[in-house]
> 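This is the structure I have questions about; it appears just below.
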Amino acid sequence: MLLAMLLTCAALVAPARAAAAREVTYDRYSLMVDGRRVVLQAAEFHYFRLPSPRLWRDVLEKFKAAGFNAVSLYFSWAYHSPKSGVYDFTGVRDVDRLLRMASEAGLYVIARPGPYINAESSGGGLPAWVKTVPGRARSSESGYQAAYREWLHHINPIIARHQITGGGPVILYNAENEYQVNTDAAYMQDIQDQARADGIDVPITTNDCCDGGSWSSTWATGPGAVQIPGIDDYPQSFECANPGLWGPWGEGLTERLRDDIPVFAAEYQAGAIDVGNAGYDKCRELTGPAFMKYFYKNNLVTTGATMFSYYMGYGGTNWGWLAQPNDVYTSYDYGAPITEARRLTPKYDEFKRQGYFLQAVTPLAKTDPLAAPPVDNPALTTVARANPDTGTQFVLVKHADRAATSTDAATLDWAGHRVPVQVKGRDAHVLVAGYDLGAQRLTLSTSELMTHAAIGGRDVAVLYGTSGSPGATILRYGSEPRVTVLDGRVTSTYSGGDLRLDYTHEGLARVLVTGGGRRPLLLLIGTDAEAASFWRTDTASGPVLVRGTDLVRAASVNDGTVRLTADVAAAGEVEVFAPPAAHRLRIGADDVRVTRTSSGSLLGSTRPPGPAPLPALTGWRAHAESPEAQPGFDDSRWTVADRTTTTSPHPPKTLPVLYADDYGYHYGNVWYRGHFTATGAETTIDLNAVTGLRGNYLVWLNGRYLGSAAGGVQADSGDQWTPPNPDPGPGHFAIPSGLLKPGADNVIAVLVANMGHNDDWIADDLRFKQPRGLVGASAGGTPISWRIQGAAGVDPVRGGLNNGGLYGERTGWHLPTYPDKSWKPANPAATPLPPGVTWYRTSFRLDLPANQDVPVGLRFGGEPSPAYLVQIFLNGWNVGQYGGDIGPQREFSVPAGLLNEHGTNTLALAVTAEQPVPAGPGPISLFAYGNVRVD
Ligand code: IPT
């Protein structure tokens with residue numbers, strides 16, 4: 001029986017093993033897979049910030065379509081472990097499924113399980129229960145060691161069975177995160193030893209912060225040293241409010257750390273956290289195409305790096321209590337190339353132009369510095385590298401002063417030719433010479449090469465340049481070839497074996513070159529925008545190029561038909577370059593009428609998506625909450641808070657210890673009720689609470705609301721380096737006359753927000769282990785006996801970060817099934833709110849068109865009051881926090897999966913007001929971030 005079961009299990013696992021085992025090696029130039037050099041172009045994705053597994057596939061396919069060949073994945077310990085010994089890898093936590101999807105999308109994986117990940121996530125990825133474990137976090141001290149080993153022994157085996165060495169996608173394993181801040185080499189070594197013991201056999205990497213100087217020789221060779229250390233670089237800073245900045249944090253050149261390993265840009269900036277609340281559109285501008293063109297290309301050619309991981313490719317959402325509160329709010333859009341609602345941006349186009357180049361031009365994987373060909377204008381300068389085996393040259397043309405904003409032209413004296421170059425301010429070009437482009441010989445081009453492919457017995461190449469700039473392309477032939485300009489204005493001359501084409505980049509020029517002793521060549525020479533309209537997929541029948549549509553996910557060519565899986569946002573042209581036998585085009589289930597063009601391609605039109613109207617949100621009902629504030633509330637089943645010691649390095653201001661984590665309440669709100677027999681001499685209630693940034697606490701005595709105070713944060717100055725404040729969140733509440741009951745039981749009720757846990761970026765333990773909840777409480781010295789209540793258990797589907805301990809959360813007011821018919825009809829935006837917690841609920845039906853991707857958001861109109869904080873629940877999922885103090889966010893993404901696109905949805909808002917406010921949040925509406933056909 002047991003044997004039969006084992007055999008069944010083996011059969012179930014087998015498909016994952018079906019692909020052939022491969023070997024990963026490396027030298028000073030690049031990684032190699034089975035001996036073939038690979039330029040690693042990865043983008044970071046946090047599955048835990050998109051709790052909808054079927055959308056993981058969408059993001060991964062979008063990465064692949066932009067020319068990424070890898071995805072970098074942090075695995076969040078906190079996301080999987082609500083308490084010591086308890087781990088969940090099911091549903092939205094099914095990382096086995098995630099790794100399978102990465103493989104199916106054709107992406108390698110850089111696996112980054114920490115244990116520490118930072119990522120502006122609560123506790124930097126360390127579960128809050130680790131705060132109560134003795135031993136310094138991120139060290140080899142025993143309590144912490146037992147904890148992180150527990151995590152590693154759960155996550156490592158999952159990663160291990162998806163390694164490239166067993167036919168899976170995992171190509172690298174990253175240990176820890178920016179650990180140069182501590183130098184506990186035993187810890188760094190142990191993470192690696194555990195990984196090896198758990199079957200990790202791919203190279204181990206780590207990401208070092210900021211510059212290579214902090215790598216001591218011990219780290220390079222002794223205990224703790226990894227095989228391939230890399231560097232994190234964020235040259236553009238996080239000052240999104242000032243998107244015109246240009247490299248305030250340096251040139252962004254990834255250092256070579258050792259001579260035996262490739263240069264590895266372990267995290268290279270591709271967006272920013274919005275520390276100044278400027279909004280993510282500004283972050284996208286700060287890190288936009290201009291930044292990408294200059295900094296990424298400058299890095300590529302100057303350092304010869306061949307391993308890149310861009311942070312972030314897609315940012316996602318800090319749903320639930322996932323955010324580390326000091327730096328971010330609900331949205332973690334990050335100004336990334338793909339938005340939180342999975343829309344593509346101009347940054348995506350730039351990644352595609354660069355990514356296709358890196359994948360197509362293989363000599364880039366092995367280059368040495370080369371004396372650069374000169375330009376005759378001192379405003380411009382050149383940097384060059386060459387592949388020592390093929391002689392292929394890569395020349396970077398940029399401004400001598402990187403801050404220059406002028407457009408400058410020059411003549412480049414290169415490979416025996418004089419050719420025009422022109423560079424806009426804040427731009428740079430990587431030009432190629434001496435390259436076997438398929439069966440052609442490219443002498444040089446001053447256009448950038450995006451991609452090329454052998455299609456139907458000819459070479460097709462896409463070249464591009466700044467609109468209006470001059471370009472020249474020179475190709476080598478045995479005899480004079482025939483040049484046919486199919487479109488655009490291109491002049492050609494032939495002399496001494498060189499065919500020279502001269503043109504201005506405008507629209508899309510097409511040149512067909514035949515004869516000359518080579519197979520035909522079709523050159524497609526466009527502007528940046530034209531280049532971005534191309535998609536390349538590699539099918540079993542060879543590569544296919546597509547111009548048009550909004551995304552090509554896959555293609556196949558069979559029986560004369562090209563089939564595309566493509567996204568279409570609007571009607572437009574679609575043109576397909578495929579083998580000539582293909583004469584029909586299908587996009588999804590649609591037959592597209594096509595004509596054959598003079599370029600030999602098939603040309604047709606796309607069908608736009610149908611309308612996708614969304615309903616208005618009406619029928620709101622409201623109910624007041626906070627019965628805990630009333631003296632008669634039954635708290636007998638709450639946890640008694642009577643501890644006199646704590647593992648926290650922060651001593652309590654009064655006893656007993658009231659730290660929420662010490663009683664197992666780690667996320668969201670906590671309630672306290674303190675009973676005391678009054679002497680009659682008490683005049684104030686003096687409290688102190690820590691909430692994390694943007695949090696507060698509300699206080700009642702004998703059912704009467706006394707007021708609120710701001711909760712303590714990481715440090716007064718809000719920076720990493722200032723020690724936590726010993727008097728973090730004081731609140732002094734005068735007892736109104738007549739309220740106290742001398743000689744009788746008096747009840748203090750306190751509702752404390754917990755906005756999330758500090759990270760441990762500097763590995764000092766102090767910030768991470770800063771308590772949450774009350775840290776001091778007194779009523780004139782009269783003894784108080786306390787009880788505490790946080791979340792009522794862990795939601796089995798949504799996990800431990802979804803809920804705190806509001807009464808409504810404990811009794812399911814956020815859940816779709818809750819019967820709210822007895823609640824009073826009320827419009828949130830038009831109803832005054834008393835202090836305390838008020839809930840609103842409504843439901844709406846959706847029936848979004850099939851085969852369309854319509855990402856939906858929730859929009860709050862009007863101005864939020866700083867006096868309230870709103871927790872937003874969609875179908876029971878905590879999709880975010882809204883309120884005047886919580887940042888600039890007014891729109892909240894509600895991903896399909898959480899959102900029922902074909903049925904009823906329930907919205908619930910828990911509004912905590914710290915003082916009476918004339919009106920609650922709103923008006924509230926649904927909106928669509930986009931609408932595309934997905935066929
Ligand atoms: C780098 C972290 O490694 C990453 O987790 C994330 O926090 C990122 O920064 C910022 O979003 S740390 C680097 C900026 C010093």
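Keep in mind that what you see is a predicted model, and the values were worked out from it rather than measured. Counting convention: from 1, in listed order, for ligands and their atoms alike.
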> Could you tell me whether D58 and K62 make a salt bridge, using a distance below 4.0 angstrom between a side-chain N and a carboxylate O?
yes
> Using the ring of Y74 (Phe, Tyr or Trp, six-membered ring only), decide whether R112 places NZ or CZ under 6.0 Å from its centre and within 45 degrees of its axis.
yes
> Under a plain distance cut-off of 3.5 Å, with no hydrogens placed, do H80 and D88 share a side-chain donor-acceptor pair?
no
> Please list, in number order, the atoms of ligand 1 under 4.0 Å from a heavy atom of C209.
15 (C)
> If you count the atoms of ligand 1 from 1 in the order shown, which ones are under 4.0 Å from a heavy atom of W761?
12 (S), 15 (C)
> Taking 4.0 angstrom as the limit and counting only heavy atoms of D232, give me the atoms of ligand 1 inside it, by number and element.
3 (O)
> Just to be sure I read this right, does ligand 1 sit under 4.0 Å from the backbone of I117, its side chain, both, or neither, counting only heavy atoms?
backbone
> Could you list the atoms of ligand 1 found under 4.0 angstrom from a heavy atom of Y334?
10 (C), 11 (O)
> Roughly how far, to the nearest 0.5 Å, is the CG atom of D198 from the CG atom of D201?
12.0 Å
> Could you tell me if R426 sits above the aromatic ring of Y294, with its cationic atom closer than 6.0 Å to the ring centre and no more than 45 degrees from the axis?
no
> Should D190 and R149 count as an ion pair when the cut-off is N to O under 4.0 Å?
yes
> From atom 8 (C) of ligand 1, work out which of Y116, Y74, Y234 has a heavy atom at the shortest distance.
Y234
> Is there a polar contact between ligand 1 and A119, counting only N or O atoms under 3.5 Å apart?
yes
